[in-house]
Amino acid sequence: MKFGVVVFPGSNCDQDCYHACRVMGADVDYIWHGDVDLSNFDCIILPGGFSYGDYLRTGAIARFSPVMKAVERYARRGGLVLGICNGFQILLEAGLLPGAMLRNKSLKFICKYVNVRVENDRTPWTRATKIGDVLKLPIAHHDGNYFVDQKILLELQDGGQIILRYCDQEGRVTEEANPNGALDNIAGICNKDGNIFGLMPHPERAMESFLGSEDGRMIFEGLTKCRKFTENLD
């Protein structure tokens, strides 16, 4: 399985994602934001950072990069797309996932470890986990307060599209465990087909024990075992 990590002007987690793929023994290469050929990849990663300085809004300019048109075509054909933090924000701005990001409830940048509970283990992203598993992952963002209207929230809930929720160490989803005020404690969602996944925590920063957690490996382990979504790609 070959991963491609998109590099936008301002990305600062591209090398972390690249390293995470190598830690898992996967083949990986960088994709410049002006590139449009994604035919050699089985999974595209939109990394965290501050694409184009996050001017206007987070991810608002990156969505117009040439590579995003290619990512959209790739995703429509069933290709796997993972958006982490700023990558998640770009997916929202591009309309590949529903919703929007608001400023954190505290109006402050937050950088710390949080706990998230797995809500759906039947996706390419969580097949190495089971429902109720608690993962310790870091967050680092100013605009992570996920929001949708009630109609879409019900669709996400009914469709099993909520993949991760902020929780405490015991897996209880509480207001106190919600670091940014995200609606329904949502930390990560997927699209209806399950091949596009966006999350605010950084699994690529939790791959080795000396970093404080290696729970991020669970996300990448699920991906490296995935063939269903890639075998029919051109």
Side-chain angles (χ1 to χ4, degrees), residues 1-55 58-97 111 124-125 137-141 188 190-191 195-208 210-211 214 216-227 229-231 233-234:
M1 186 169 190
K2 184 167 184 176
F3 289 82
V5 179
V6 177
V7 181
F8 299 97
S11 295
N12 64 13
C13 299
D14 43 351
Q15 294 188 36
D16 296 339
C17 290
Y18 187 98
H19 177 72
C21 294
R22 285 296 180 89
V23 168
M24 299 307 300
D27 192 10
V28 58
D29 207 347
Y30 292 113
I31 302 169
W32 185 236
H33 69 110
D35 293 343
V36 295
D37 182 6
L38 306 181
S39 59
N40 291 327
F41 300 101
D42 300 302
C43 178
I44 305 300
I45 300 177
L46 307 182
F50 300 89
S51 56
Y52 296 91
D54 275 343
Y55 292 113
T58 51
I61 299 177
R63 64 163 294 193
F64 294 107
S65 287
V67 72
M68 286 308 298
K69 286 294 183 185
V71 168
E72 182 175 351
R73 290 192 296 270
Y74 177 88
R76 301 298 184 204
R77 299 202 319 271
L80 293 167
V81 179
L82 173 63
I84 301 171
C85 195
N86 194 228
F88 186 11
Q89 295 160 342
I90 294 169
L91 290 174
L92 297 176
E93 288 287 338
L96 293 175
L97 288 174
C111 181
W125 321 99
L137 300 175
I139 59 170
H141 58 247
C190 69
N191 63 333
N195 61 306
I196 306 173
F197 179 34
L199 73 166
M200 288 312 294
H202 288 265
E204 81 282 9
R205 295 184 185 175
M207 300 293 292
E208 295 155 291
F210 69 85
L211 295 173
E214 50 186 350
R217 297 174 69 98
M218 304 293 279
I219 302 297
F220 285 89
E221 282 180 6
L223 284 174
T224 55
K225 296 175 182 176
C226 184
R227 300 304 305 174
F229 284 81
T230 61
E231 59 190 8
L233 290 177
D234 292 337

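Numbers here simply count residues along the sequence, with the first being 1.
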A side-chain contact here means heavy atoms from C-beta on lying under 4.5 Å apart; do [X] and [Y] qualify?
X	Y	result
Glu208	His19	yes
Asn191	Leu96	no
Ser65	Tyr52	yes
Glu214	Val23	no
Cys21	Ile45	yes
Arg205	Cys13	yes

Which heavy-atom pair separates [X] from [Y] by the least distance, and what is that distance?
X	Y	value
Asp29	Phe41	CB-CE2, 4.0 Å
Ala20	Met207	O-CE, 3.6 Å
Leu97	Gly198	CD1-N, 3.6 Å
Ile139	Pro201	CG2-CA, 3.8 Å
Met1	Cys43	CE-CB, 3.8 Å
Gly34	Pro66	O-CB, 3.9 Å

Donor-acceptor contact below 3.5 Å, side chain [X] vs main chain [Y]:
X	Y	value
Asp16	Glu204	no
Asp42	Lys2	yes
Asn195	Ala75	yes
Tyr74	Met68	no

Partners meeting side chain to side chain donor-acceptor pair (under 3.5 Å) with Asp14 (sequence neighbours left out): none
So, taking the atom named [atom1] in [X] and the one named [atom2] in [Y], what distance separates them when rounded to the nearest 0.5 Å?
X	Y	atom1	atom2	value
Ile219	Arg217	CD1	CZ	13.0 Å
Arg22	Asp27	CZ	CG	7.0 Å
Tyr30	Cys17	OH	SG	9.0 Å
Ile90	Phe8	CD1	CZ	4.0 Å

Result of checking Ile84, Leu92, Asn86 against Phe88 for side chain to side chain contact (heavy atoms under 4.5 Å, CB included): Leu92
Geometric class of the Phe197/Trp125 ring pair [parallel <30°, tilted 30-60°, perpendicular >60°]: tilted
Any residue meeting salt bridge (charged side-chain N to carboxylate O under 4.0 Å, His left out) with Arg76, in chain and number order, not counting sequence neighbours: Glu72
Test side chain to side chain contact (heavy atoms under 4.5 Å, CB included) applied to Cys85 - qualifying residues, sequence neighbours left out: His141, Met200, His202
side-chain contact (heavy atoms from CB on, under 4.5 Å) evaluation trace for Ile31 with Ile44: CA-CA 9 Å; Ile31 302 169; Ile44 305 300; 3.7 Å; yes
